[in-house]
Amino acid sequence: MNVVTRFAPSPTGFLHIGGARTALFNWLFARRHGGKYLLRIEDTDRQRSTAEAVDAIHDGLSWLGLEGDEPAISQSARAARHAEVAADLVARGAAYHCYLTEDELAALRDEARAAGVPVRSPWRDRDDAPDGPFVVRMRMPDSGETTIDDSVQGHVTVQNRTLDDMVILRADGTPTYMLAVVVDDHDMGVTHVIRGDDHLNNAFRQTMVYHGMGWDVPVFAHIPLIHGADGAKLSKRHGALGVDAYRGMGFLPDALANYLLRLGWSHGDDEIISRENAIAWFDLAQVGKSPARFDLDKLSDVNSHYLRSLDADSLWDLIAPHIDATSPQARARVVALKPLLAERARTHLDIAGSIGYLLHDGAPMMQEDAAGLLDDEARTRLVKLVGDLPNAPWKGESLATFLKEWLTANGLKMKDIGLPLRAALTGTRQSPSITDVMAALGPHETEKRIGETCKI
RNA sequence: GUCCCGUUCGUCUAGGGGUCUAGGACACCGCCCUUUCACGGCGGCAACACGAGUUCGAAUCUCGUACGGGAUGCCA
């Protein structure tokens, strides 16, 4: 089968985390089957749609590597086609003009609700056509049932009489979502509709539009929504941040995608899954049916894995905007220590905030808890150490060997000098292995720092 | 109200009738490694919502209840 999927966000805000996951699943499914993945901006509600939101969505998608295979389609640009289909539906008897006033409708709705039945307009059975505003409603079947074989939810059946005569064309002639989504999916050749399960019920109503037009109904896959850490539906108030917010927190796009993929989908016990494997393994049948909670701790952990596999130059590019290096050696030092730095961080922001001693030359900014380490005895030892420092080679491993021998020769233990040495060189109590730091700093800078921080 | 969906450790999940005294990951706790912080290794804590039924046997199948979620808009 020639697979075509689409991601169809409505531009009422940023690309939120749930939308990103829906996009990811669509992208993955299309890639998995060698199909196409398209984008459509659902801006039928002109009031709530903004150009900024469209940009934000594109930004989020491109950051995640989920841009469409073709330029995005704007739903509002297709209003004429939607109206045309609505008229066609009326001509085919699948829909009808409804002249109900707002008050009449409200009364009808109350009545229907009290009776536990769906809204059906009396106009579905009338032949007259008064001269006034009307909407176009679907004429839902009174009997029978409709079954959807959903790729995630399984077989779901609904009695046709529970379906309401939904409006497909507003009084002003513009289409509603229920119509537009079907027409666009059909015209775009969408074969698989993968979306949030809040649309599961809508799928039955939309199926009637497909039937009314004699179109093939696509395969549906309704994936569960993501909930906040507190279990509540993710809303803007509940941390449903835009992907840009996670980007701002220092998460890598591949890490976010990996985390999102594992939310609701699994491949045995695999946790860290490359894009390549994700494409090879992705399968709608493995998508769970229950909503998952968003967990920052787990995201952080996934991110740390990706951070460790990042190459040093990329890391530098990532942190560069967040630091103000004054030493010409800054980049070389960071690059040299990258693996050790990444091992100690969850995000590149953690690294950016803890490497001041690599960015500037001379005595490091001394943190309070580190300053206390440099008492007279420690400084005396460090000064002696500087005097005995070897000329070469300045590599972490050989420096470690040298240090051990030096300690033995002076009747000292590593604990006698390790922490003070770190404090003198970095101004902190924590850093990568101090001999690796010395190697990154080089002999000149090492001597200079000890000289400045250990004046007696 | 009516209809639809869901429910395994705190969280993400494996599990598709016996191999489950329920596995993995994150978080948490302990130990080891160790110049610090980490990483890594080892170990621990911790779950099949509840009740019936089907079956020799159920986390796995069926029904019910409870609790969540969704739909019921001239929003998407």
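The analysis underlying the following values was restricted to heavy atoms, covering all of them including side chains, and did not include hydrogens, waters or symmetry mates. Chain letters run A, B, ... following the sequence lines, proteins first and then strands; every chain starts at 1. Being a predicted model, the structure only gives us computed values, none of them experimental.
- For B/rU35, the OP1/OP2 oxygens have no side-chain nitrogen or oxygen of A/R429 closer than 4.0 Å.
- Applying the salt bridge (Lys or Arg N to Asp or Glu O under 4.0 Å) rule to A/E377 yields the partners A/R381; only residues at least two apart in sequence or on another chain are considered.
- Note: A/F282 and A/F29 have perpendicular aromatic rings, judged against thresholds of 30 and 60 degrees for the angle between ring planes.
- Contacts of A/T174 with the nucleic acid, taken as non-hydrogen atoms under 4.0 Å apart, are absent.
- Across all strands shown, A/V156 has heavy atoms under 4.0 Å from sugar-phosphate atoms exclusively, and none from any base.
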Atom pairs under 3.5 Å, N or O on each side, protein against nucleotides 39-45 of chain B: can you list them with distances?
from: B/rC39; atom 1: O3'; to: A/R308; atom 2: NH1; distance (Å): 3.4

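- Contact annotation: A/R170 side-chain N/O to B/rC75 OP1/OP2 distance is under 4.0 Å.
- An OP1 or OP2 oxygen of B/rU35 is reached within less than 4.0 angstrom by no side-chain nitrogen or oxygen of A/K415.
- At a cut-off of 3.5 angstrom, counting only N and O atoms as typed in the model, there is no donor on one side facing an acceptor on the other between the side-chain of A/S431 and the base of B/rU36.
- Between A/F25 and A/F7, the ring centre distance reaches or exceeds 6.0 Å.
- Below 30°, between 30° and 60°, or above 60°: for A/F220 and A/Y210 the angle between ring planes is above 60°, a perpendicular geometry.
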Distances for protein N or O near nucleotides 11-22 of chain B N or O, under 3.5 Å:
from: B/rC12; atom 1: OP1; to: A/R293; atom 2: N; distance (Å): 2.9
from: B/rC12; atom 1: O2'; to: A/R262; atom 2: O; distance (Å): 3.0
from: B/rU13; atom 1: OP1; to: A/G264; atom 2: N; distance (Å): 2.3
from: B/rU13; atom 1: O3'; to: A/S266; atom 2: OG; distance (Å): 3.1
from: B/rA14; atom 1: OP1; to: A/S266; atom 2: OG; distance (Å): 2.7

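- Judged by atom type and distance alone, A/N202 reaches the base of B/rA76 through a side-chain donor-acceptor pair under 3.5 Å.
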Legend entry - Verdict with supporting geometry, A/S76 and A/D43, side-chain hydrogen bond (donor to acceptor under 3.5 Å, both in side chains): CA-CA 6 Å; A/S76 62; A/D43 51 1; 3.0 Å; yes
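- When each of A/V119 and A/Q75 is assigned the nucleotide of RNA chain B with its nearest heavy atom, A/V119 is the one assigned upstream, toward the 5' end.
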